[in-house]
Structures are given as structure tokens and as C-alpha cells.
Amino acid sequence: MAAGGSDLQSPKKRKREQVEGKTKPRPQVKGGGDGVKRKKHSGAGGYAAHGGGAGEAAAKKKRPATPKEKRLAAKEISEARKMKRKRHYSLEKELTKLWEKMRCHDVSKEERSKLVSEAIRKMDGKYLDIVGSHVTARVLQTCVKWCSQSERDAIFDNLQPHLLSLSRKKYAVFLVKKLIELATKKQFASFISSLHGQVAKLLPHTIGAAVVDYAFQRATQPQKRQLLLELYSTELQLFKDLTVQSSCSLLETISKLGLQKSSVLQYMTIEIQKILEKGTVEYSIVHTAILEYFTIADKTSALDVIRQLIPLLTQGASIIDGDEPSLATELPKKTKAKMKRLSEPLIVQIMHTKEGLKLAISCLKYGSAKDRKKIIKSLKGHIMKLALNDFGCLFLISIISIVDDTKLVSKIVIQELAKNLKQLILDKNGRRPLLQLLHPLCSRYLSPADLACLSYNVPSLSSREGEASDSATEVISENKVDAVTDKIVSESKKDPSQRRHELLIKSELAEALVQSCIENVGELLRTNFSKELLYQVAVGGKDNVLEGVTDMVHKLHDAIASDAAQPKTEDIEHAFENFFSSRVIRRMIIDCPAFAVTLWSKALKGKCKTWAEGHSSKVVAAFLESPSSEVKDLAKDELQSLIDTGILKVPDHKAMEK
């Protein structure tokens, strides 16, 4: 039975062998049936021998025998099917060959120009048919990139009546973006004009929204207003003349055009709801529209939009817990990059604009504790990208300043920052979250525009009545920092000083930060951005927040003094003579008496005459400017003789009292 069972075949295998011509002869069985079959077979064979020999030979010749022949036969069948299915298949093959040549990096400019002109000549009159294919659409896109201006104008004029319909197509959308990118001012203005009445329809469209936003980012301020106004009212969609204005806010538009606020609110609610349902919230034009909506929305409407936004902004973070597939290291680089982009939540992707930052801050401020937890968890693995971004670092500052759950913030945010301290300290943006913990909302490190973004509030949800969101545009000076602090922490219950202590000391970030400063003291002293953080650590931060690691701060003082005590060399500029280090050491002497005493005893005592000229003179003179009498007394005798002889020059208002 075992032998008989081994001859059995599955139906699929028998079918596959019949197609390939490999059907095995059935085993002979005793009986008359087999004889009849053999007789028929011999008869057929005799007939073939007399009349069908040529046909059988031809059949055998056509039937592929080797794997190579099978592949070629399958390819021929596929080509025949494509020729029937695709109208311009032969043209597509010709264009593909030209495309492979013209997109090479080593091709000369003249040769590429010839190839592009030839491809455009072949496509002339067939653009609409060609642009729907993923292959030929790329060919045309490359031609638009490298062709002459006259050729590009001809393509634009040919496709201009169809640009809106092409904006909704999967592959043609990239050609439309390229045409917008390379369009002249006149062509771009005509495209913006063609969008009139279509903006509200395109924004909920997953493909069309990308084209509208692409145009919005490249538009002038009046053109941006023209696109946005269509989201405010039906009348503004119908009458084009009403959209031509230079006002910069929704409230001004309502008062200037005499619109009813209730009808505008109702219409915008419907349009924004369509966008939220489709999930196309990653575009800057949508962020701007929602922020404008917040200026007139009541409390219920604003909260409803924010609650719908949070799940959309945190989605896409499917690979955030370190559970990447084990084969990730074997994937190609392009595949890895694509997976990384797909794993990023939208809240990370929208941080490239100020409007995206404000929208994220409003979700953080006015979301529930559960929502805040969801937002922070979605950022796992993306903290460094945010920290090094112009607007992302401000969002981290908001998290540090608002969220009361310091254990969660320490686990997700602080731990990742602690692993990359040197890179953060040396980076313009990366240092800001650390400086926020050491000296919150200092105008020395945050511009008025940055402070305005951090203090953004939705008017209807603000805890203070009558507080308008327009305050986000006002210039914030030194004496308004306390007011800004109140705005930022108004949605928080925990005391700000307690939160700073928990995030710095309890999380052990302070120890790691001071240790990193000690290990890299020479480089940090002489670098523009890092010197500010080194100063804050050396003086103990605002309100002496580093009191828990005082011993390590004193070790940092010793490290700075030891670097300054080194003799002059040609390889490295001395700390007293370097532009950046001389100024930060001067500030440390004035603001930190403990450091001034250490520096005097290790690096300056008996050597002041050597450093009494150039940038180093600022360091020496700082001992006379210190508010501490102990520091003044240390240097008084030695520096007075230098002043009397004219070697050391000190301004009159800073001169030592005799």
C-alpha cells in the first residue's frame, strides 16, 4: 500500500504538470481496458505518422522545454496582453528607454537635453493618456524638470485645463506638483485662480489635499488668504471678488464683509468635520484653518475638534515600543526609511510649521490627562528628532512645562534626552529643552516669537476671560515673562519648581548633565551654543535648582579652572582668549562667587598681568565687577596696580571703589 500510495498525485500537481507537458504515463493495469487504450494510441500514432507528423513536430517545437524557454514564452504572452490592454504600450517602452538614459547622473547636459526633447516630441498630444501610468508619469515629470522653459510652458498650457482632475489621480499628482514648483508667477497665479470654488472639495480628498497644500506653501500672503477664505462661507466660494483682500484674520474678514458669525461658524464646522473624518490633517493649510476656527468657536465646538484631532495626530506610531521585526537589519536602506516614516505619528510630522506647533500645543493644553498620556507615548523613539527641530524643541518645552505626570515624562522624554546629552548641548535647538529645566522661559534663549507660540491659547477654552489668541503675535519683553509663564502653566496643577526638581534631580538627569559638561568642558567653553548651557549648570540654574548635585557642580568649577590654567599653545586657543569662552567665564565670575574663588586660586592668582589685554582682559576685570565683596577682595590688590599703570583698562562705571 505504501508503494501504491507513493504514485498518487494531488489535483493541483497533475494540473501543473499537464500545463508544463510533464504528465507521467499512467501505470499499466491488467485487463481489456488497457488494451483498447493502447490500440487507440497506436491508431492515433499511425495516423500521425501518415498525415500529422508535421503538426506534431510543430507542436513539440512550440512547447517550451527548458526553464529559459518557459520564461521567454511567459514574457511573450504578457507582452501580447499588455499590447491589447494598453493603448500606448509601444510608446511607453520607447519612453522608458529614453528615461533610463536621461536620469543618469553622468549624462552630459547636451545629451540630456536631446533625450528630453525627443521624449517630449514622442509624447506631444498624448499627455493626458500618458500621465495616468506610473511609468510614463515619471518620464513626463523628469522631462518637465530638465526641459527648456519654452517646452515647459507648452506642457503647462496643454495640461492647464485638466490640472484639477489630475490632482485627484494617484500618479499624475506628482506631475502637478512638479509643474507648480517650476511654474512662472503668471502660471502659478492662473493655477491659484483655477482652484477657486474647489478648495473645500479637495481638502478632504486624500490625494487632492496634497496639491492644495503644496500650492498654499508657495503662495504669497494674499494668495493664501484667497485659498483660506473659501473655507469660511458659501458666498466666498461663489463670488471670487470677495476673496481678494489682504486681511490676516477671520474676525477681520467677518467684520469687513459683514458676514454673520454664527453662519460662518456653522459652515466651518461642517467643512472641518469632513476633513477630520477623512483624516487629512497633516497639511499646513488645514492647521491654519483650524486655528482660525478656534478664534470664533465656542467652548464645546473647540473641545470637540481637539478630541477628534488627538487620535489622528497620534496614529501611525505602530512601531514605537521597540518591537521592530527581527529582519529589520536585513532590509534595504530605502525600505527602512519608508518604514520609519510610516511609523512616525502625525504629531511629529506636523512640526515643520508654526501652525502645526500651535495645534499640537492646543491638543496638549486642553486634552485630558488620558489624552496627554497618549500624546507622550506616541512620541517614544522620536524625541531626538523633535529636540533638534526648530518647532519640535518648543513642543518638548511645552510638555516639560505643562504635563504633571513627571514619571511618564521622565520615562519617555528625559531618558531619551539623557542618552544624547553631548549632541543636544552642542545643538542650537537641542539645548533648549535642557535650558528650560535650568532657567524656564528665559528670553536670552527663546525669541519673542518662540515665547508667543508657547503662550498660545484657544480663546473660548482659556481660563482667563477675554484673553484673545491674538496675544500670540505680540512682542514679549523681559518684564512680561512672568505673564507668559502663567499662560503656559495655567492648565497645570503641579507647582513649576516641584516639576523641575522631579524632572532634573529625581530622574538623575542633572547628574548626567553635569558629568557630560565635565567630560567635554574644553569644547563646550569654546562653542557658541553650548557655552550658555555650561553657564547655567555652573551657576546652579535659576532658583538654585541644582542644589541636589552641588558637589558635582563644584567639580565642574574645578574642570573649567583647570582648562583655563593650561598654558598657551598654538593648537588650541586659550580659554581666556577665545571669543566665546572669555565672555562666558566673565559671566560666571560675576554671577557665581564660588566659581570666581576657584578660578582665581587655580588660574589667575599672580598671573593677571599676562591676561590684562585682549579678550582675556574682560575675564580679569570681571573680578572688580562682581557684587560679592569676597571676590573683589581677592583680586583688589593685584588688579589695582595694573589699573594704576594703565595696563588694565576698566570702564568708569565699573571701576573699583578706592
Side-chain angles (χ1 to χ4, degrees), residues 361 364-365 369 372-373 375-377 379-380 383-384 386-387 393-422 424-425 430-446 450-451 454-455 481-518 524 530 532-557 588 591-595:
I361 288 177
L364 188 71
K365 275 188 177 182
R372 292 178 181 178
K373 186 176 182 180
I375 290 172
I376 295 173
K377 281 191 171 183
L379 300 178
K380 187 175 182 180
I383 299 299
M384 280 300 294
L386 288 175
C393 65
L394 299 179
F395 186 60
L396 291 183
I397 289 175
S398 295
I399 291 175
I400 291 170
S401 306
I402 294 173
V403 180
D404 291 331
D405 190 350
T406 52
K407 287 185 178 179
L408 180 64
V409 175
S410 298
K411 183 179 179 181
I412 304 294
V413 180
I414 301 299
Q415 281 187 9
E416 190 167 344
L417 295 179
K419 294 175 183 177
N420 305 276
L421 281 176
K422 184 179 178 181
L424 292 170
I425 294 170
R431 65 190 179 131
R432 288 181 172 181
L434 302 175
L435 287 168
Q436 173 68 12
L437 291 170
L438 295 168
H439 193 143
L441 302 173
C442 179
S443 59
R444 188 182 184 93
Y445 316 124
L446 296 169
D450 294 336
L451 292 171
L454 292 171
S455 62
V481 171
D482 291 337
V484 174
T485 306
D486 292 341
K487 288 182 183 179
I488 294 175
V489 302
S490 61
E491 305 300 326
S492 178
K493 298 178 181 178
K494 188 174 286 188
D495 182 64
S497 59
Q498 181 185 352
R499 185 189 299 105
R500 287 172 62 208
H501 183 269
E502 291 175 358
L503 293 176
L504 265 174
I505 307 301
K506 285 190 176 181
S507 68
E508 300 181 352
L509 175 64
E511 294 181 12
L513 183 59
V514 178
Q515 185 61 36
S516 181
C517 290
I518 294 172
L524 303 187
S530 59
E532 300 293 347
L533 190 132
L534 185 66
Y535 164 79
Q536 289 294 341
V537 174
V539 300
K542 187 179 180 182
D543 301 326
N544 200 19
V545 72
L546 296 180
E547 187 177 3
V549 290
T550 305
D551 294 340
M552 294 193 70
V553 172
H554 289 161
K555 290 181 181 178
L556 176 61
H557 295 169
M588 291 179 190
D591 298 336
C592 185
F595 169 75

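The basis for the numbers below is simple: all heavy atoms, side chains too, and nothing from hydrogens, waters or symmetry mates.
Counting all heavy atoms, side chain and backbone alike, I412 lies closest to L379 at CG2-C, 4.5 Å. When all heavy atoms of S455 and K365 are compared, the pair lying nearest together is C-NZ, 3.9 Å.
Environment of CD in Q498: crowded, with over 12 heavy atoms of neighbouring residues, nucleotides or ligands closer than 6.0 Å.
Separation of atoms CD1 (I375) and NZ (K377) is listed at 13.0 Å; rounding is to 0.5 Å. The NZ atom of K542 lies 10.0 Å from the CD atom of Q436; values are rounded to the nearest 0.5 Å. Here L437 contributes atom CG and I400 contributes atom CD1; the two are 4.5 Å apart, rounded to the nearest 0.5 Å. In this structure, R500 CZ and L546 CG are separated by 8.5 Å, a value rounded to the nearest 0.5 Å. Taking CZ of R372 as the start and CD1 of I399 as the end, the distance is 10.5 Å to the nearest 0.5 Å. Here CD1 of I397 is found 12.0 Å from CG of L386. Values are rounded to the nearest 0.5 Å.
Between R444 and E532 there is a salt bridge, since a side-chain N of the basic residue sits under 4.0 Å from a carboxylate O of the acidic one.
Using a 4.5 Å heavy-atom threshold, the side chains of L513 and L533 count as touching. The shortest distance between side-chain heavy atoms of L534 and I425 does not fall below 4.5 Å. Taking the side chain as every heavy atom from C-beta outward, D450 and Y445 never approach each other to under 4.5 Å.
Between the side chains of S410 and E502, no donor N or O sits under 3.5 Å from an acceptor N or O.
Of the possible polar contacts, one joining the K494 side chain to the D404 backbone as a donor-acceptor pair under 3.5 Å is found.
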Show every donor-acceptor pair shorter than 3.5 Å between a side-chain atom in residues 504-511 and any protein atom, with sequence neighbours excluded, or say none if there are none.
from, atom 1, to, atom 2, distance (Å)
S507, OG, L503, O, 2.3
S507, OG, L509, N, 3.4

